[in-house]
Number of protein chains: 2
Amino acid sequence: MSMPDRTPPTLRDVAITAKVSVGTASKVLSGASGVSAERARRVWDAARLIGYRRNEIAADLRRGRPTSIGLVLPDLTNQFFVDIARALENHALQHGYQLILAHANENPERETERIRFVMSRQVAGMIIIPCRGYQHAIAEARECNVPLVMADRVDDTFPANTVTTNSRSASTDGTAHLIALGHQRIAFLVNTLELVNSRERAEAYMDAMRDAHLARHIAVIECGMTAMQSHATTLKVLSGSTRPTALFTGCNVTTLGALRAIRDADLQIPLDVSLLSFDDAPWMSVLRPYLTSISQPVEAIGHAIWQLMLKLLNGEQDEFVHLRFKAELLVRESTTYVSAETAVTG
Amino acid sequence: MSMPDRTPPTLRDVAITAKVSVGTASKVLSGASGVSAERARRVWDAARLIGYRRNEIAADLRRGRPTSIGLVLPDLTNQFFVDIARALENHALQHGYQLILAHANENPERETERIRFVMSRQVAGMIIIPCRGYQHAIAEARECNVPLVMADRVDDTFPANTVTTNSRSASTDGTAHLIALGHQRIAFLVNTLELVNSRERAEAYMDAMRDAHLARHIAVIECGMTAMQSHATTLKVLSGSTRPTALFTGCNVTTLGALRAIRDADLQIPLDVSLLSFDDAPWMSVLRPYLTSISQPVEAIGHAIWQLMLKLLNGEQDEFVHLRFKAELLVRESTTYVSAETAVTG
DNA sequence: TTGAAAGCGCTAACAC
DNA sequence: GTGTTAGCGCTTTCAA
């Protein structure tokens, strides 16, 4: 007690202190059955006495079947991913699995590194929301020789199990909404077209524009992955000779940047410019006017990812499955009829 | 190739394929020296051929000195913590350490569980930002028999190494600022007084009020840990008979809730009510008016935590050290002179 | 029930 | 340089 060892106590130490074999001590401490109550108590007491801490890693190694699931996220700054992580955490814990979180910081190299790290820690399964680079993501998926679910930034042709939002239909709805309000010069601001889901959103926007004979007004603008970059790019868009009357942003980070630009350009929403945001975020609720946005069913997505992972873990699923969830257009205050004035002077 | 084994290849398989001993294979694959170029190549080739993946866990176990650092965060929703995590990640990776992230979700029991989990994975050190419960945090700190740094929600009497913001002086500055603008009915909205740093902020506010002979107007209101709870509580505060002319919120989550309430109550900032936020957040930059806030030096804090951890890891530090960082009051647009009208009718 | 013993995949002496 | 071997801390047969 007074003079603790340099090395932490092991199962062997517990066994010696409790005057039982390591095997018995192991059974007790690992929650297995087949030990008399009397000796079990002795083991627990001994463990407490010498301050024993189980080495789960050694246990996993010997057991050969890990109980952790790796989750690698592209951006902790994006509330959408954090919400998914929170949902997954709850499900995992509830099913006796531990989540090992890793953060790629929107950096493909870092992502590869993080995946390798998590995999090398012997996880039972992997859940990945990749960052930019479709081929890159495919290569990474191949690295994972455990049950794998890829989410959000993948499509239905991805060679892995996927859970995603139906970006296309939501984007179609959003564009139609703006067009119905009389907008013609609608710009689509996207983080990067290197992301499939962003590409899908942009394509659906373009299709909707074409269908409405507005092809000449199509403007898809890549803004970069950070709010800072979106800010700068949007500022340029807004200061062009023919300013768009409506902005359609492809994700919440882009929206944040666009809002800063609109603020800097001293423009009023929706008077000077309408704004439609793909993706909700908690802070949007304090904005005046309240943002019209496309809301993704985060809880449902998280739940689906977990259910799928569970099936995979139990070997009940051999073919790739691609799950799609419908996003909802919430019409609020930031989109309005285009004024004759705005349409002309813009 | 065509009929892969059920069990993944091990070092032994590589050695056999490369026609060398496991020892040699180990040296090559672990980056040690003392192997001829010729055989090294053979090992690499064999590894690639059979799709070998190193089991770092087994290596760590054998080596006895892990290279991961555990980081447990209370709330991934709070940008402040995420920013600290990002800073730490970069530093850790740069120094050859891997960060294992865990999320307590503002739940003390979950926190204990996460700490145990991370510890059981044999980390070399722990960095913890605890959730509510000072005694609880102390108990958890004791659980960690590896180098430990506690951050943010601790004070200088905490029995561990700590890195924190000087909440007291920042809160004093903030309150003084509001008083100087003529405010008297200043309410301090705090998540919970169970958090030391929140307590410090509240106390400094109270002291400043007393010093200005405004003791009768002191109002410290606990709002809970989520924006939703803060929203509800603030709404009550704003609908009271004598409405405060200024709100001082204790952290960015509380600020978010307060903003929602102000919106719901149809009040104008700063005309009807001034708002001062302890803690900045990216989304605050899109608000009109731009929020007056107290900004914490996240980068510096992250860097300090890491430097301290490094020292601890190298055994260069035996006494507890308590580092404090100065936060900065950024006066912007959400705080203004109290109007005679507001002061009376509030 | 219990204990002895054989490893899980890897590293690090240590001889050759 | 290279191979052999004894473990890291734990689980899990298998006899007793």
In whole Å, I'd like the distance from the [atom1] atom of [X] to the [atom2] atom of [N].
X: B:Arg12; N: D:dG3; atom1: CZ; atom2: P; result: 15 Å
X: A:Gln122; N: D:dC10; atom1: CD; atom2: P; result: 18 Å
X: B:Asp60; N: C:dC8; atom1: CG; atom2: C1'; result: 15 Å
X: B:Glu56; N: C:dG9; atom1: CD; atom2: C1'; result: 11 Å
X: B:Asp13; N: C:dG9; atom1: CG; atom2: P; result: 9 Å
X: A:Lys19; N: C:dT2; atom1: NZ; atom2: P; result: 16 Å

In residues 25-39 of chain B, which residues come under 4.0 Å of DNA chain C by heavy atom?
-> B:Ser26, B:Ser30
Hey, what bend do you get for the helix from C:dT1-D:dA16 to C:dC16-D:dG1 if you fit axes on five pairs at each end, rounded to 10°?
-> 40°
Give a yes or no on whether a salt bridge exists between A:Asp45 and A:Arg42, defined as a side-chain N under 4.0 angstrom from a carboxylate O.
-> no
Pair A:Asp60 + B:Arg121: basic N to acidic O under 4.0 Å = yes
Say whether A:Arg132 and A:Asn107, considering side chains only, have a donor N or O and an acceptor N or O under 3.5 Å apart.
-> no
Do we see a donor-acceptor contact under 3.5 Å between the side chains of B:His303 and B:Glu299?
-> no
Any protein N or O atoms within reach of nucleotides 7-9 of chain D? Criterion: under 3.5 Å, listing atom names and distances.
residue, atom, partner, partner atom, Å
D:dG7, N2, B:Arg62, NE, 3.4
D:dG7, N2, B:Arg62, NH1, 3.0
D:dG7, N3, B:Arg62, NH1, 3.0
D:dC8, O2, B:Arg62, N, 3.2
D:dG9, N2, A:Ala58, O, 3.4

Any side-chain heavy atom of A:Val82 sitting closer than 4.5 Å to one from B:Gln79?
-> no
Side chains of A:Pro9 and A:Val14: does their closest heavy-atom pair fall under 4.5 Å?
-> no
C:dT2 phosphate, OP1 or OP2: any side-chain N/O from A:Ser21 under 4.0 angstrom?
-> no
At under 4.0 Å, does any side-chain N or O of B:Arg65 touch on OP1 or OP2 of C:dA12?
-> yes
Remember a base hit wins even if backbone is also touched, and classify A:Gly23 as base, sugar-phosphate or nothing at under 4.0 Å, heavy atoms.
-> base
Kindly state whether the ring of A:Phe158 and the ring of A:Phe320 have centres lying under 6.0 angstrom apart.
-> no
Taking A:Arg153 as the fixed residue, which of A:Glu111, A:Glu194, A:Glu106 is the one that meets the salt bridge (Lys or Arg N to Asp or Glu O under 4.0 Å) rule?
-> A:Glu106
Could you check A:Asp156, A:Asp152, A:Asp155 and say which one makes a salt bridge (Lys or Arg N to Asp or Glu O under 4.0 Å) with A:Arg324?
-> A:Asp156
Out of curiosity, A:Asp13 CG to A:Leu49 CG, how far, rounded to the nearest 0.5 Å?
-> 11.5 Å
Parallel, tilted or perpendicular for B:His95 and B:Trp306, by the 30°/60° rule?
-> tilted
